[in-house]
Amino acid sequence: DDHIVMTQSMSFSPFKGPFAPRIDEWETLMRLVSDIFEEWIKVQRQWMYLEPIFSSDDIMRQLPTEGKRFAGVDRTWRKVMSLASQESDVLAFCKMPRLLQQLSESNQMLEMVQ
């Protein structure tokens with residue numbers, strides 16, 4: 001958030017002229033990273049709560065629809081975590097196509113499960 005605020009203040013500077021495209025690009029990237037982290041934390045919180053519940057075969061039998069939804073989110077979450085552990089550059093990782101969309105969709109599915 002601090003970087004977004006600093007970038008916004010730079011964009012209002014009368015001396016930004018030659019740097020305007022870079023400032024705009026950086027602000028867009030910082031907003032993307034912020035949005036991804038917000039969705040990531042939501043998924044992580046809900047996943048950590050629901051994972052022990054849906055690891056039970058009994059619960060999976062009792063709630064088959066919710067179990068399938070959670071299983072889909074679980075696959076996506078584990079894939080994202082695996083990719084994150086392989087990419088040490090946060091900016092490069094956050095530029096991964098559809099990452100924000102996958103996390104948002106996972107949050108929607110987890111809301112339906114809960």
Side-chain angles (χ1 to χ4, degrees):
D1 286 339
D2 290 339
H3 288 277
I4 293 171
V5 171
M6 288 183 350
T7 305
Q8 286 174 339
S9 68
M10 283 185 233
S11 68
F12 294 122
S13 170
F15 306 107
K16 76 172 188 174
F19 306 105
R22 289 178 60 195
I23 291 170
D24 292 342
E25 181 182 329
W26 185 252
E27 184 177 359
T28 301
L29 182 57
M30 290 296 98
R31 286 184 189 281
L32 175 65
V33 170
S34 178
D35 291 346
I36 286 172
F37 281 175
E38 284 179 28
E39 292 294 325
W40 181 312
I41 289 168
K42 287 181 199 174
V43 173
Q44 183 174 355
R45 187 176 298 126
Q46 291 183 68
W47 182 87
M48 287 176 60
Y49 173 74
L50 292 171
E51 197 274 335
I53 295 168
F54 284 98
S55 62
S56 164
D57 290 335
D58 188 41
I59 297 294
M60 293 296 278
R61 278 192 299 277
Q62 291 177 21
L63 303 168
T65 304
E66 290 82 358
K68 286 179 185 176
R69 287 180 182 148
F70 181 80
V73 170
D74 186 57
R75 278 190 302 277
T76 300
W77 180 246
R78 290 178 188 272
K79 181 177 136 192
V80 167
M81 291 298 98
S82 175
L83 293 170
S85 71
Q86 295 169 17
E87 178 59 72
S88 61
D89 183 348
V90 171
L91 299 178
F93 178 74
C94 287
K95 291 179 183 178
M96 188 175 89
R98 297 192 65 246
L99 177 60
L100 181 57
Q101 182 181 353
Q102 287 177 324
L103 291 171
S104 295
E105 289 171 358
S106 292
N107 274 319
Q108 291 171 359
M109 294 301 272
L110 288 170
E111 287 293 325
M112 291 171 31
V113 169
Q114 264 185 337

Closest non-hydrogen atom pair between [X] and [Y], with its separation:
X: C94; Y: I36; value: O-CD1, 3.3 Å
X: S34; Y: I4; value: CB-CD1, 4.0 Å
X: T76; Y: S106; value: CG2-OG, 3.7 Å
X: L103; Y: V43; value: O-CG2, 3.5 Å

Rounded to the nearest 0.5 Å, what separation is found between the [atom1] atom of [X] and the [atom2] atom of [Y]?
X: D24; Y: L29; atom1: CG; atom2: CG; answer: 12.5 Å
X: T28; Y: I23; atom1: OG1; atom2: CD1; answer: 11.5 Å
X: K68; Y: F54; atom1: NZ; atom2: CZ; answer: 13.0 Å
X: R45; Y: K42; atom1: CZ; atom2: NZ; answer: 9.0 Å
X: Q46; Y: E51; atom1: CD; atom2: CD; answer: 14.0 Å
X: M109; Y: L50; atom1: CE; atom2: CG; answer: 12.5 Å

| field | Pair L91-W26, side chain to side chain contact (heavy atoms under 4.5 Å, CB included): steps then yes or no | value | CA-CA 10 Å; L91 299 178; W26 185 252; 3.9 Å; yes

| field | Steps toward side chain to side chain contact (heavy atoms under 4.5 Å, CB included) verdict (R69, L110) | value | CA-CA 8 Å; R69 287 180 182 148; L110 288 170; over 6 Å; no

Heavy atoms, side chains only, cut-off 4.5 Å: are [X] and [Y] in contact?
X: E66; Y: M112; result: no
X: E25; Y: P21; result: no
X: V90; Y: F37; result: yes

Is there a path from [X] to [Y] through hydrophobic residues (I, L, V, M, F, W, Y) whose side chains come within less than 4.5 Å of each other?
X: M30; Y: F19; result: no
X: L32; Y: M6; result: no
X: I41; Y: Y49; result: no
X: M48; Y: M81; result: yes

| task | May I have the step-by-step check of side chain to side chain contact (heavy atoms under 4.5 Å, CB included) for S56 and M60, ending in yes or no? | result | CA-CA 6 Å; S56 164; M60 293 296 278; over 6 Å; no

| More than 12 heavy atoms of other residues, nucleotides or ligands under 6.0 Å from CG of D89: is that the case? |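 For D89, atom CG is crowded (more than 12 foreign heavy atoms under 6.0 Å).
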
| query | Parallel, tilted or perpendicular for F93 and W40, by the 30°/60° rule? | reply |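 It falls in the perpendicular class, over 60°.
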
| Lys/Arg-Asp/Glu bridge criterion (N-O < 4.0 Å) met for R31, E27 |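 Yes, charged N to carboxylate O under 4.0 Å.
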
| query | Below 4.0 angstrom, N of the basic side chain to O of the carboxylate: do D74 and R78 qualify? | reply |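 Answer for the salt bridge query: yes.
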
| said: W77 vs Q44, test: side chain to side chain contact (heavy atoms under 4.5 Å, CB included). Steps then yes/no. | reply: CA-CA 8 Å; W77 180 246; Q44 183 174 355; 3.6 Å; yes

| request: Might you work through the side chain to side chain donor-acceptor pair (under 3.5 Å) test for E111 and N107, ending with a clear yes or no? | output: CA-CA 6 Å; E111 287 293 325; N107 274 319; over 6 Å; no

